[in-house]
Amino acid sequence: MLLDVKDMSLSLKREGKYIRILDQISFHVNEGETIGIVGESGCGKSMTALSLMRLLPDKARLEGKVVLQGDEITSFSKRKLEKVRGNQMSMIFQNPLTSLNPLQTVGIQIEESIILHTKMGKQQRRKRVLQLLNEVGLPRSEELIDDYPHQLSGGMRQRIMIAMAMACEPQLLICDEPTTALDVTVQAQILELMNEIKKETQMGIIMITHDMGVIAEVCDRVIVMYAGKIVEEAPVIELFLNPKHPYTLGLLDSIPKMGIRKQKLGSIPGTVPSPEKMPTGCRFVDRCSHAMDQCRNTLPEMIEINENHYTACWLYDEEVNKSGSIGSQKPETAFHY
Ligand code: SF4
């Protein structure tokens, strides 16, 4: 196993009080596997990524265990962690324009982590940067190496970000909405590039997105997050064909289906609750059309649907089913894509 996250919780200090943003997140990533983390804005996807990288404000309180290639990095000092970031694990951010330094050439920016993590000489580093530019599909690498970010298109800038993240051949790559700021054709090219990189390097990828299309394109397994908790986890095909949690069903219902003309897209009423006003029971209760009394009072644990498929919803609890309180409440889960 490449990455093992156990009961990771994050609290941030707001107006003198600690507010829990992530609540006991557990998941793992294997070598050569792409895990998708999906959910609306405010569900905790990006905070999960930033917690893994420990790019958090000073007063943040991070609990639980994060084990990367056998090392429990949660206990690492800042200095020790700097040796891991950009080396064993790297991150690609959402907007390449704001993530790149406008005052430095792209060559210098890609070279930065090579200087930090390797003992390569100047010539060797230049050779490596040119190789990386070619690997991410950028032509004219000899000229491009001395260009500034503003001279490049959005797609080229995102390829530069990928080259920077790949510079030291990380085992784990975290991508936070890497295609959101790009137009659809460039999005498709970047996703294809990600798939190629995965095949060639066998690294593990965490793909954070709100886009089910991106999930279908690149992921092997999917984690659905809602209000700082994981509510469903399944292999990608299983999730699309046999979704269980009403929130996952809502997300899938909001995307167009193949071959159906004039379809009405669904939407989930309401918004994600704020961390300060989290319901005591199921966090989705105020937006769920299947909610029962039990949902309001008690938070559901993860329930096994099958060997690889889990969901946190009372509708699938054996005892609740036996008691007959569900009746005809269970959602329709047959999806056709
Ligand atoms: Fe809906 Fe209850 Fe399931 Fe929550 S536990 S998703 S409120 S049915």
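Atoms within a ligand are numbered from 1 in the order they appear, just like the ligands themselves.
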Chemist: Which atoms from ligand 1 have a heavy atom of L315 less than 4.0 Å away?
Modeler: 8 (S)
Chemist: Can you tell me the protein heavy atom closest to atom 4 (Fe) of ligand 1 and the distance?
Modeler: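 Going by distance alone, atom 4 (Fe) of ligand 1 is nearest to C282 SG, 2.3 Å.
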Chemist: Scan side-chain atoms only and decide if Y247 and E232 contain a donor-acceptor pair under the 3.5 Å cut-off.
Modeler: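 Absent: no donor and acceptor within the cut-off.
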Chemist: Distance under 4.0 Å to a non-hydrogen atom of P246: what atoms of ligand 1 satisfy this?
Modeler: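 Close to P246: 6 (S).
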Chemist: Nearest protein heavy-atom contact for atom 3 (Fe) of ligand 1: which residue, which atom, what distance?
Modeler: C313 SG, 2.3 Å
Chemist: Testing the 3.5 Å rule here: is there a donor-acceptor pair between the side chains of Q131 and R128?
Modeler: yes
Chemist: Under a 4.0 Å heavy-atom limit, does H245 contact ligand 1 with its side chain, its backbone, both, or neither?
Modeler: side chain
Chemist: How far is atom 5 (S) of ligand 1 from its nearest protein heavy atom, and which residue and atom name does that atom have?
Modeler: W314 N, 3.3 Å
Chemist: Do NZ/NE/NH1/NH2 and the carboxylate oxygens of K277 and D286 come within less than 4.0 Å?
Modeler: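 No.
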Chemist: Has Q123 got more than 12 heavy atoms of other residues, nucleotides or ligands less than 6.0 Å from its CD?
Modeler: no
Chemist: Confirm or rule out an N/O/S atom of H290, from backbone or side chain, lying less than 2.8 Å from atom 4 (Fe) of ligand 1.
Modeler: no
Chemist: With heavy-atom distances below 4.0 Å as the criterion, list the atoms of ligand 1 near C288.
Modeler: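 Per the distance check, 1 (Fe), 6 (S), 7 (S), 8 (S).
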Chemist: Distance to 0.1 Å, residue and atom name: give those for the protein heavy atom nearest to atom 2 (Fe) of ligand 1.
Modeler: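 Here the nearest protein heavy atom works out to C295 SG, 2.3 Å.
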Chemist: Are any of the side-chain nitrogens in K6 or E72 under 4.0 Å away from the carboxylate oxygens of its partner?
Modeler: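 The answer is no: the pair does not qualify as a salt bridge.
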Chemist: Check each atom of ligand 1 against the heavy atoms of V285 and keep those under 4.0 Å away; list them by number with element.
Modeler: 7 (S)
Chemist: Would you mind checking if R126 and E142 are paired as a salt bridge, meaning a charged N to carboxylate O distance below 4.0 Å?
Modeler: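 So E142 pairs with R126 through a salt bridge.
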Chemist: Kindly check if the number of other-residue, nucleotide or ligand heavy atoms within 6.0 Å of CG (L55) is above 12?
Modeler: yes
